[in-house]
Visitor: 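The structure's right below; bear with me while I get my questions together.
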Amino acid sequence: TQSTRPQRLLSAVQKNATRGDPCSVVKAIDQFCRSKEWAMNVGDEKGCILDSVVSELNPTTVLELGTYCGYSTVRIANLLPPHAKLITLEFNPDFAAIARQVIAWSGLEEKVQLVEGASGDLIPKIKQDFGVQTFDLVFLDHWKDRYLPDTKLMEACGLLRKGSILLADNVICPGTPDYLEYVRSSPRYESQYFKSHLEYTKVEDGLEKSVFLG
Ligand SMILES: O=C(NCCCCc1cc2ccncc2s1)c1cc(-c2ccc(F)cc2)cc(O)c1O
Ligand SMILES: [Mg+2]
């Protein structure tokens with residue numbers, strides 16, 4: 001049977017990256033996506049912006065919506081202090097299976113909890129099921145039409161505190177117009193746009209960083 005793109009991406013990691021070396025895993029994926037097959041990882045250019053936000057914040061609790069193959073999961077987990085926790089939600093079981101192996105290859109599995117399911121179903125269960133009260137950082141990279149409803153859901157479930165940071169991928173391409181309008185006009189958020197490009201292309205895209213003001 002034909003392999004899938006995530007399976008070919010995982011093979012490239014297992015072939016070209018060193019076990020236990022997260023940076024080599026990130027490099028191997030970027031090289032695969034630049035030279036062989038495009039894939040919807042946040043990528044190296046936006047990935048550097050992600051790294052700077054994570055490093056500056058030094059979060060102990062992180063929620064990632066949309067794991068895909070685990071590229072941004074590995075980038076974030078690699079920068080977390082000891083005992084910090086990253087919970088990442090993935091809807092597609094095939095993506096989740098690949099991501100688990102990519103995360104394991106990077107040696108960061110003890111910092112990461114990958115949960116399979118839809119954000120709308122899982123977010124209300126996080127406090128009781130995962131022992132997290134609030135998130136210091138949320139990275140939004142899942143269905144673009146779920147960014148706004150899930151942000152409102154996180155507010156309603158008390159998962160955000162004064163100073164929590166929302167960092168959203170793809171606010172230009174594919175685009176999340178209703179989410180952008182909300183975080184840019186709401187008095188409860190202070191937002192900033194980081195102009196960049198769609199992963200591995202020259203197309204404009206960017207990350208929106210929004211601080212929840214409580
Ligand atoms: O759809 C994208 N990403 C979400 C995949 C949906 C996976 C989900 C995870 C999850 C977890 C929990 N609940 C529900 C869900 S749904 C995406 C697409 C492009 C793109 C850009 C230009 C193109 F021409 C074609 C694709 C670029 C990107 O960086 C993306 O992130
Ligand atoms: Mg994305």
Side-chain angles (χ1 to χ4, degrees), residues 4-10 26 29-30 32-34 36-51 53-54 62-77 86-100 102-103 112-127 129-130 132 135 137-154 156-157 159 165-180 183 193-210:
T4 65
R5 179 167 308 184
Q7 282 171 333
R8 294 192 291 273
L9 183 149
L10 173 61
V26 168
I29 294 173
D30 284 331
F32 174 79
C33 293
R34 279 195 182 285
K36 299 282 186 343
E37 301 184 65
W38 186 91
M40 60 180 170
N41 316 115
V42 73
D44 42 2
E45 194 178 310
K46 288 186 288 179
C48 284
I49 300 167
L50 171 63
D51 289 355
V53 170
V54 175
V62 181
L63 176 63
E64 176 179 61
L65 302 177
T67 316
Y68 187 41
C69 295
Y71 174 90
S72 49
T73 320
V74 168
R75 279 197 91 116
I76 296 168
L86 165 54
I87 296 175
T88 183
L89 309 186
E90 181 47 58
F91 176 73
N92 180 314
D94 299 326
F95 293 171
I98 296 295
R100 289 187 198 285
V102 168
I103 293 159
V112 176
Q113 182 163 9
L114 196 165
V115 186
E116 290 181 43
S119 50
D121 301 332
L122 291 171
I123 285 171
K125 297 178 181 156
I126 285 176
K127 275 192 194 256
D129 291 0
F130 304 107
V132 171
F135 288 105
L137 173 67
V138 181
F139 181 54
L140 297 94
D141 194 21
H142 62 327
W143 285 321
K144 307 315 163 194
D145 61 1
R146 288 297 313 179
Y147 284 26
L148 181 53
D150 285 343
T151 295
K152 290 182 173 172
L153 188 56
M154 287 187 286
C157 295
L159 287 168
I165 305 268
L166 303 184
L167 188 64
D169 189 26
N170 310 118
V171 295
I172 304 300
C173 177
T176 62
D178 58 345
Y179 172 81
L180 270 191
V183 291
Y193 175 60
F194 292 84
K195 188 170 192 270
S196 184
H197 295 93
L198 177 67
E199 47 267 26
Y200 318 114
T201 77
K202 292 184 168 43
V203 173
E204 182 180 345
D205 189 22
L207 300 176
E208 187 82 358
K209 175 187 173 188
S210 306

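Remember, it's 1-based here, ligands and their atoms both numbered in the order they're listed.
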Visitor: Can you check whether Arg8 reaches Lys36 side chain to side chain, under 4.5 Å on heavy atoms?
Guide: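 Sidechains of Lys36 and Arg8: no contact.
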
Visitor: Residue-level breakdown please: for Asn41 versus ligand 1, do any non-hydrogen atoms fall below 4.0 Å on the side chain, on the backbone, on both, or on neither?
Guide: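 No part of Asn41 is near ligand 1 at this cut-off.
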
Visitor: To the nearest 0.5 Å, how far apart are CH2 in Trp143 and CG in Asp150?
Guide: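 Separation between the atoms: 9.5 Å.
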
Visitor: Quick one: which ligand 1 atoms are inside 4.0 Å of a heavy atom on Leu89?
Guide: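 Every atom of ligand 1 under 4.0 Å from some heavy atom of Leu89: 11 (C).
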
Visitor: Are any of the N/O atoms on Lys144, whether in the backbone or the side chain, positioned under 3.5 angstrom from an N/O atom of ligand 1?
Guide: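 In this structure, Lys144 places an N or O atom under 3.5 Å from an N or O of ligand 1.
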
Visitor: Would you indicate whether the side-chain heavy atoms of Lys144 and Tyr179 approach each other to under 4.5 Å?
Guide: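 They are not in side-chain contact.
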
Visitor: Given His142, Glu64, Lys46, Glu116, which one has a non-hydrogen atom that is nearest to atom 4 (C) of ligand 1?
Guide: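 Result: the heavy atom closest to atom 4 (C) of ligand 1 is in His142.
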
Visitor: Nearest protein heavy-atom contact for atom 30 (C) of ligand 1: which residue, which atom, what distance?
Guide: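 Atom 30 (C) of ligand 1 sits closest to the protein heavy atom Asn170 OD1, 3.3 Å.
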
Visitor: Does a side-chain heavy-atom distance below 4.5 Å link Thr151 with Leu140?
Guide: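 Side-chain contact under 4.5 Å: yes.
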
Visitor: Using a 4.0 Å cutoff against the non-hydrogen atoms of Ala118, which atoms of ligand 1 qualify?
Guide: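 Per the distance check, 13 (N).
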
Visitor: Just to confirm, does any protein heavy atom lie below 4.0 Å from atom 20 (C) of ligand 1?
Guide: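 Yes; the ligand atom in question has protein heavy-atom contact below 4.0 Å.
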
Visitor: At the Mg ion (ligand 2), what angle lies between atom OD2 of Asp169 and atom OD1 of Asp141, rounded to 10 degrees?
Guide: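 That angle works out to 100° after rounding to 10°.
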
Visitor: Tell me the contacting part of Thr67 for ligand 1: side chain, backbone, both, or neither, using a 4.0 Å heavy-atom threshold, strictly below.
Guide: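 For Thr67, there is no contact with ligand 1 at all, from either part.
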
Visitor: Using the side-chain contact (heavy atoms from CB on, under 4.5 Å) rule, pick out the option among Asp121, Leu114, Leu122 that qualifies with Leu89.
Guide: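 Result for side-chain contact (heavy atoms from CB on, under 4.5 Å) with Leu89: Leu122.
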
Visitor: Is there a polar contact between ligand 1 and Glu90, counting only N or O atoms under 3.5 Å apart?
Guide: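 Not met; the criterion fails.
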
Visitor: Do Glu116 and Arg100 meet the salt-bridge criterion of a basic N to acidic O distance under 4.0 Å?
Guide: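 Looking at Glu116 together with Arg100, the answer is yes, because their closest N to O distance falls below 4.0 Å.
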
Visitor: With a 4.5 Å limit on heavy-atom distance, are the side chains of Asp169 and Leu207 in contact?
Guide: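 With C-beta onward as the side chain, the pair touches.
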
Visitor: Is it the side chain (CB and beyond), the backbone, both or neither of Arg146 that lies under 4.0 Å from ligand 1, heavy atoms counted?
Guide: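 No part of Arg146 comes within reach of ligand 1.
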
Visitor: Which of the atoms in ligand 1, numbered in the order shown and given with their element, are less than 4.0 Å from a heavy-atom of Leu198?
Guide: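 With Leu198 as reference, the close atoms of ligand 1 come out as 21 (C), 22 (C).
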
Visitor: For atom 26 (C) of ligand 1, find the nearest protein heavy atom and state the residue, atom name and distance (0.1 Å precision).
Guide: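 Checked against all protein heavy atoms, atom 26 (C) of ligand 1 sits closest to Trp38 CH2, 3.8 Å.
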
Visitor: Quick one: look up the protein heavy atom nearest atom 15 (C) of ligand 1 and list residue, atom name and how far away it is.
Guide: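 Sorting protein heavy atoms by distance from atom 15 (C) of ligand 1 puts Phe91 CB, 3.5 Å first.
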
Visitor: Regarding Met40, does it place an N, O or S atom less than 2.8 Å from the Mg ion (ligand 2)?
Guide: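 No - counting backbone and side chain alike, Met40 has no N, O or S atom under 2.8 Å.
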
Visitor: Taking atom OH of Tyr200 as the centre, report whether more than 12 heavy atoms of other residues, nucleotides or ligands fall under 6.0 Å from it.
Guide: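 Enclosed.
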
Visitor: Considering non-hydrogen atoms of the protein only, which is the closest contact for atom 13 (N) of ligand 1, and what is the distance?
Guide: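 Looking only at protein heavy atoms, the one closest to atom 13 (N) of ligand 1 is Ser119 N, 2.8 Å.
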
Visitor: Among protein heavy atoms, which sits nearest to atom 5 (C) of ligand 1, and what does the distance come to when rounded to 0.1 Å?
Guide: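 Minimum-distance protein heavy atom for atom 5 (C) of ligand 1 reads Met40 CE, 3.8 Å.
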
Visitor: Tyr71 pairs by side-chain hydrogen bond (donor to acceptor under 3.5 Å, both in side chains) with which of Asp30, Asp141, Asp44?
Guide: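 For Tyr71, the side-chain hydrogen bond (donor to acceptor under 3.5 Å, both in side chains) check succeeds only for Asp30.
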
Visitor: Is it true that His142 and Tyr68 have ring centroids separated by less than 6.0 Å?
Guide: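 When the ring centroids of His142 and Tyr68 are compared, they turn out to be at least 6.0 Å apart.
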
Visitor: For residues Leu10 and Val102, determine if any side-chain heavy atom of one lies less than 4.5 Å from a side-chain heavy atom of the other.
Guide: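 Side chain of Leu10 against side chain of Val102, heavy atoms only: contact under 4.5 Å found.
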
Visitor: Does a side-chain heavy-atom distance below 4.5 Å link Phe139 with Val54?
Guide: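 Counting from C-beta outward, Phe139 and Val54 never come under 4.5 Å.
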
Visitor: Just jot down the ligand 1 atoms closer than 4.0 angstrom to any heavy atom of Asp169, in number order.
Guide: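 Matching atoms, with element in brackets: 29 (O).
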
Visitor: Name the closest protein heavy atom to atom 6 (C) of ligand 1, giving the residue it belongs to and the distance to 0.1 Å.
Guide: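 Result: Trp143 CD1, 3.7 Å.
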
Visitor: Mind checking whether Cys48 and Arg75 have side chains closer than 4.5 Å, heavy atoms only?
Guide: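 With C-beta onward as the side chain, the pair touches.
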
Visitor: Under the 4.0 Å line, does any protein heavy atom show up next to atom 24 (F) of ligand 1?
Guide: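 No.
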
Visitor: List ligand 1 atoms under 4.0 Å from Glu199, heavy atoms only on the residue side.
Guide: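 Per the distance check, 27 (C), 28 (C), 29 (O).
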
Visitor: I need the minimum non-hydrogen distance between Pro174 and Asn170, along with the two atoms involved.
Guide: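 Shortest heavy-atom contact: CD-CB, 3.5 Å.
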
Visitor: Could you list which atoms of ligand 1 come closer than 4.0 Å to a heavy atom of Gly117?
Guide: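 What qualifies from ligand 1 is 12 (C), 13 (N).
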
Visitor: Closest non-hydrogen protein atom to atom 31 (O) of ligand 1, residue and atom name please, with distance?
Guide: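 For atom 31 (O) of ligand 1, the nearest protein heavy atom comes out as Asp141 OD1, 2.8 Å.
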
